[in-house]
Amino acid sequence: MRLSWSQHLAAARTIELAGEHECGTALALMGMACLLLLQDLSDSAEVCQRD
């Protein structure tokens, strides 16, 4: 995994605290965080299928 589950949660909580003037940046970062989570979950699922 690129990030641990607690790191994914911390990233989401940090982005959640962004103010209105940082909305665009926060949305872009949330998209990146979601992409990383999706990749991590996909990699994890592939490992489970091999076992």
Side-chain angles (χ1 to χ4, degrees):
M1 289 182 96
R2 289 164 187 81
L3 297 175
S4 67
W5 182 246
S6 61
Q7 289 173 316
H8 280 294
L9 290 176
R13 288 183 182 124
T14 300
I15 293 168
E16 176 184 28
L17 297 175
E20 282 187 34
H21 62 283
E22 298 167 330
C23 185
T25 302
L27 286 173
L29 290 173
M30 184 57 81
M32 292 301 298
C34 287
L35 179 60
L36 286 173
L37 178 59
L38 178 64
Q39 290 174 340
D40 285 345
L41 291 173
S42 177
D43 292 347
S44 188
E46 288 176 12
V47 169
C48 289
Q49 289 177 352
R50 284 189 240 143
D51 293 338

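- Going from atom SG of C48 over to atom CG of D43 covers 11.0 Å, rounded to the nearest 0.5 Å.
- Annotation for V47: hydrophobic cluster partners, listed by chain and number, are none (ILVMFWY side-chain heavy atoms under 4.5 Å, direct or chained).
- Considering every non-hydrogen atom in both A26 and I15, the closest pair reads O-CG2, 3.4 Å.
- A distance of 11.5 Å separates OG1 in T14 from CD in Q7, rounded to the nearest 0.5 Å.
- From Q39, atom CD reaches atom SG of C34 across 11.5 Å, with rounding to the nearest 0.5 Å.
- Atom CD of E22 sits about 10.0 Å away from atom CG of L17, to the nearest 0.5 Å.
- Hydrophobic cluster membership is shared by L9 and L41, with clusters built from Ile, Leu, Val, Met, Phe, Trp and Tyr side chains linked at under 4.5 angstrom.
- Applying the side-chain contact (heavy atoms from CB on, under 4.5 Å) test to L27 and every residue at least two apart in sequence or in another chain returns C23.
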